[in-house]
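What follows is a set of notes on a single structure, which appears directly below.
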Amino acid sequence: MSDAALMLGRNLRHTMRNPTTLFGSLMVPILLLLIFVYIFGGAFSVGVEYIDYITPGTIVLTMGYGVASTAIGVANDMTAGIIARFRTMAISRTAVLTGHVFGSVLRTVVCVALVIGVTLIMGFRPAADFVQWLAVAGLVVLLAIAITWLTVAFGLAAKTPEGASFLTFPLVFLPFISSAFAPTQTMPAGVRWFTDNQPFTPVIETLRGLLTGTPIGNSGIFAVGWCLVLGLGGYLWARALFNRDPVR
């Protein structure tokens, strides 16, 4: 844990020296939020204020953009020679990856909090009580950890930082093919089947129910299940790649 904390400090210093990464993770979701609410929002009939409907999807979209830079950072470490130096030092082999994960989760949580603040300014009025807000926070952190381990594996699997950026595209694109911006009931049968069964839809539906104080049904179980599957799969894949991959 002390080695991981040291690597976390390194990761956070990189973030402070390159704040454009954090800025980019914020600006795209906020711009999309403004476009969907103020330009397209009037064309949607979802039974509630559109800002209330779109906020959970925007949270997940923000997380996708937030963790994308992690794959690039891992790929940079693997290609720049610093990993070779770390492997000669008396530190835990996985501390480097754990530092990336902790740093990414912290950045992502900060971005989500700021985006929620923007939605409140735009008129979002959540009905969640204290316990529901705790559940929202727990699910956000759980999903952030899960998809961050995936992006770490993407960074290790990629040959170059540019390739790592391309591999993270599904994490940014999949929220658009979900219930984030429109109910799945309005979609064609094939598209609806995909949106109902992809990982981000139950997460979005769970967040929506918690924030608006409406029943979440089975979506909470599926949301946690998907997070555990993605997180465990990403962790095992990343660990195998890191232990097997020679320094590039």
Side-chain angles (χ1 to χ4, degrees), residues 15 18-69 104-129 132-133 135-137 139-141 143-144 147 151 165 168-188 190-192 194-196 198-216 219 223:
T15 299
N18 186 24
T20 54
T21 301
L22 188 64
F23 183 75
S25 301
L26 277 172
M27 286 309 299
V28 174
I30 290 175
L31 287 175
L32 289 173
L33 182 67
L34 294 172
I35 291 172
F36 272 93
V37 172
Y38 292 129
I39 297 179
F40 301 131
F44 291 94
S45 177
V46 293
V48 296
E49 291 293 330
Y50 194 58
I51 183 65
D52 294 338
Y53 184 86
I54 200 178
T55 295
T58 305
I59 290 173
V60 173
L61 187 65
T62 301
M63 297 171 71
Y65 278 100
V67 302
S69 61
S104 178
V105 170
L106 285 176
R107 288 194 303 270
T108 301
V109 169
V110 170
C111 288
V112 168
L114 292 174
V115 167
I116 291 177
V118 172
T119 64
L120 292 173
I121 294 173
M122 294 174 62
F124 175 52
R125 296 296 178 263
D129 57 25
Q132 290 170 323
W133 273 112
V136 168
L139 183 56
V140 166
V141 172
L143 180 61
I147 60 179
T151 56
S165 178
T168 62
F169 178 73
L171 297 179
V172 176
F173 182 69
L174 278 178
F176 288 98
I177 315 176
S178 69
S179 61
F181 302 105
T184 60
Q185 293 86 347
T186 64
M187 303 175 186
V191 177
R192 179 180 178 181
F194 179 81
T195 57
D196 284 339
Q198 63 119 316
F200 290 127
T201 294
V203 174
I204 292 170
E205 290 300 316
T206 302
L207 291 175
R208 183 172 290 128
L210 292 172
L211 289 171
T212 59
T214 56
I216 62 174
S219 62

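When reading the values below, keep in mind they use all heavy atoms of this one structure, side chains included, and skip hydrogens, waters and symmetry mates.
Not a single donor-acceptor pair under 3.5 Å links the side chain of E49 to the backbone N or O of F124. Side chain of T55 to backbone of D52: no donor-acceptor contact under 3.5 angstrom is found.
Residues forming a salt bridge (Lys or Arg N to Asp or Glu O under 4.0 Å) with R125 (at least two apart in sequence, or on another chain): none.
Among T212, L120, I116, T119, the single residue meeting the side chain to side chain contact (heavy atoms under 4.5 Å, CB included) criterion with P126 is L120.
Atom-to-atom distance recorded for Y50:OH and Y53:OH is 7.5 Å, nearest 0.5 angstrom. For the atom pair CD1 (I59) and CG (L139), the distance works out to 9.5 Å, reported to the nearest 0.5 Å. If you take CE on M63 and CD1 on I147, they are separated by 5.0 Å, rounding to the nearest 0.5 Å. The CG atom of L61 sits 11.5 Å away from the SG atom of C111 when rounded to the nearest 0.5 Å.
Put simply, the side chain of L211 reaches to within 4.5 Å of the side chain of W133, judged on heavy atoms. Under the 4.5 Å side-chain criterion, counting only non-hydrogen atoms from C-beta, L171 is not in contact with L174.
Residues A180 and G57 share a closest heavy-atom pair of CB-CA, 3.6 Å. Heavy atoms only, all atoms of each residue included: G66 and S104 are closest at O-OG, 4.4 Å.
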Side-chain donor-acceptor distances from residues 26-44 under 3.5 Å, at least two apart:
none

Residues 199-207 side chain polar contacts: donor-acceptor under 3.5 Å, at least two apart:
unit_1	atom_1	unit_2	atom_2	d
T201	OG1	T195	O	2.4
E205	OE2	S179	OG	2.6
E205	OE2	R208	NH1	2.7
T206	OG1	P202	O	2.7
T206	OG1	S219	O	3.1
T206	OG1	S219	OG	3.2
T206	OG1	G220	N	3.2

